[in-house]
Number of protein chains: 2
Amino acid sequence: MTVGATRPGGRTARVRAAVLRAAADALVEHGFNRLDLADVARRAEVGKTTVYRRWGTVAGLVADLLTDMAEQSLPRTDTGSLIDDLRANARLVQRTLVDPRQGALFRAVIVAATCDPRAAEALHRFYAVRIAEWAPCVEQAVRRAELPQGTDAAEVIRAVSAPLYYRLLVSGDPIDRATADRAAEAAAAAAHAGVYTLTSGPNR
Amino acid sequence: MTVGATRPGGRTARVRAAVLRAAADALVEHGFNRLDLADVARRAEVGKTTVYRRWGTVAGLVADLLTDMAEQSLPRTDTGSLIDDLRANARLVQRTLVDPRQGALFRAVIVAATCDPRAAEALHRFYAVRIAEWAPCVEQAVRRAELPQGTDAAEVIRAVSAPLYYRLLVSGDPIDRATADRAAEAAAAAAHAGVYTLTSGPNR
DNA sequence: CAGCTAAGGGAACTGGAGACCCGTTATGAC
DNA sequence: GTCATAACGGGTCTCCAGTTCCCTTAGCTG
């Protein structure tokens with residue numbers, strides 16, 4: 001029974017993988033708003049109809065791509081020093097955004113998120129996962145009494161990435177290693193000053 | 001003579017103003033990638049052909065809109081205290097991004113910049129102007145010896161905005177007044193720590 | 001291994017964004 | 001005032017993204 005059950009085996013998964021890979025390629029080449037689902041289908045060697053039926057719109061496809069991206073994660077460093085961990089994180093983000101393929105892909109998915117609620121939700125989940133992954137290095141610094149009690153770990157991690165994304169999307173300034181290091185140092189300095197404590201304001 | 005001279009008088013300027021206003025309205029309502037130049041023409045009560053001829057593409061229109069936006073500027077505060085100036089700046093940005101109309105417009109123009117080089121250049125000019133406008137309050141703090149010599153004023157101002165734009169575009173977290181104040185305090189703390197000095201790294 | 005059906009694929013169709021043509025209007029020079 | 005022409009505007013055409021139709025293929029079940 002339950003004849004109407006879904007059928008996730010073999011072909012379906014293969015098609016999804018091929019289409020997502022093709023979608024990433026196409027996003028890198030043309031960007032979000034020049035993306036054509038027929039082109040994605042051609043690259044994936046899959047029927048155009050299939051792409052339209054399963055994902056419907058460009059934004060829907062990007063949302064699925066983001067869900068897929070959230071699942072594959074990079075291990076964080078754990079040097080035992082807050083500033084070194086933050087610098088490692090900043091440099092990882094910097095390398096990602098500067099990389100022609102990855103950088104273009106991130107720009108594209110961020111654009112998609114501003115255009116479609118599903119893509120936005122997928123993007124926010126993606127970053128929530130990434131931030132949660134790196135938060136422990138701040139929590140450990142608090143436990144080591146390197147940072148004030150009650151420091152918002154997620155907020156510190158966000159503070160590291162923010163200047164890099166700001167340059168990528170807003171100001172257009174170059175994103176070099178020095179920028180990444182400065183972002184990490186700024187976040188550490190602000191955290192030390194107690195700016196990111198949850199309960200109260202800064203204790204200066 | 002120079003009969004072939006351009007003709008910027010009366011009608012041309014009126015048309016430009018009407019089209020730019022209509023474009024902003026349409027961007028706020030539909031966002032960048034759902035924007036239709038024919039729809040803009042209708043709103044501006046202007047011929048569709050005119051819009052296509054003068055601006056060509058959606059991105060070109062947005063680039064011109066940004067040029068126009070860069071010209072009208074808001075006066076900055078000058079309280080005589082770095083943290084108060086930065087807080088005022090942060091709150092101004094916060095109010096702008098949270099405002100339904102302004103927030104949507106900024107999202108749209110940032111999206112446009114990721115899709116088109118001309119729009120990107122216009123956006124970067126826009127922010128260069130805004131940052132240069134607020135840099136003096138940091139320079140004064142340096143002169144008052146509130147901040148280390150050689151502090152990169154523009155970088156401090158960017159640091160104030162970055163967390164707010166990061167939330168708007170990337171993480172999707174709410175952008176409230178507390179966020180703005182924290183951004184200002186973090187930038188001030190990092191600047192005090194010497195993170196933004198041009199010549200060397202941090203002097204901690 | 002047989003058959004049921006979920007999922008994929010080819011091809012024709014359609015609607016609307018954007019390009020083009022050519023007549024009309026208003027600006028600026030004299 | 002009048003004339004040359006830059007700029008506007010309505011109507012029409014084209015082309016392709018997205019939809020629909022219906023047939024084919026391949027996963028699961030027993």
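Here is how names work: the chains are called A, B, and so on, in the same order as the sequence lines, proteins then strands, and each is numbered from 1.
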Any B/Arg14 side-chain N or O less than 4.0 Å from OP1/OP2 of C/dT27: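 The answer is yes; a side-chain N or O of B/Arg14 sits under 4.0 Å from OP1 or OP2.
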Side-chain N,O (A/Tyr52) to OP1/OP2 (D/dG18) below 4.0 Å: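 It does, given that an N or O in the side chain of A/Tyr52 lies less than 4.0 Å from OP1 or OP2 of D/dG18.
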Donor/acceptor link under 3.5 angstrom from B/Thr49 side chain onto base of D/dG10: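 Flag set: donor-acceptor pair detected.
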Any N/O donor-acceptor pair, A/Lys48 side-chain to C/dG10 base, under 3.5 Å: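 Answer is no: no donor-acceptor pair is held.
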Atom-to-atom span, [atom1] of [X] to [atom2] of [N] - whole angstrom:
| X | N | atom1 | atom2 | result |
| --- | --- | --- | --- | --- |
| B/Glu45 | D/dC8 | CD | C1' | 14 Å |
| B/Arg16 | D/dA7 | CZ | P | 14 Å |
| A/Trp55 | C/dG9 | CH2 | P | 10 Å |
| B/Leu61 | C/dA17 | CG | P | 15 Å |
| B/Asn33 | D/dG18 | CG | P | 11 Å |
| A/Asp39 | D/dC15 | CG | P | 20 Å |
| A/His30 | D/dC16 | NE2 | P | 14 Å |
| A/Leu37 | D/dC16 | CG | P | 16 Å |

Rounded to the nearest 0.5 Å, how far apart are [atom1] of [X] and [atom2] of [Y]?
| X | Y | atom1 | atom2 | value |
| --- | --- | --- | --- | --- |
| B/Arg107 | A/Ile110 | CZ | CD1 | 13.0 Å |
| B/Glu29 | B/Arg34 | CD | CZ | 14.0 Å |
| B/Arg118 | B/Leu123 | CZ | CG | 14.5 Å |

Sugar-phosphate, base or nothing in reach of A/Arg53, heavy atoms under 4.0 Å: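 Contact class for A/Arg53: base.
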Looking at the side chain of [X], which of [options] is the nearest nucleotide?
| X | options | result |
| --- | --- | --- |
| B/Val46 | D/dA17, D/dG9, C/dG8 | D/dG9 |
| A/Thr50 | D/dT25, D/dT19, C/dG9 | C/dG9 |
| A/Arg11 | C/dA7, D/dC8, C/dG18 | C/dA7 |

Pair B/Tyr127 and B/Tyr165, ring centroids less than 6.0 Å apart: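 Yes, they do, as the ring centres are separated by less than 6.0 Å.
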Contact nearer the 5' end of DNA chain C, comparing B/Asp36 with A/Arg54: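 Closest to the 5' end, via its nearest nucleotide, is A/Arg54.
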Working for side chain to side chain donor-acceptor pair (under 3.5 Å), residues A/Asp176 and A/Thr179: CA-CA 5 Å; A/Asp176 50 23; A/Thr179 308; 2.4 Å; yes
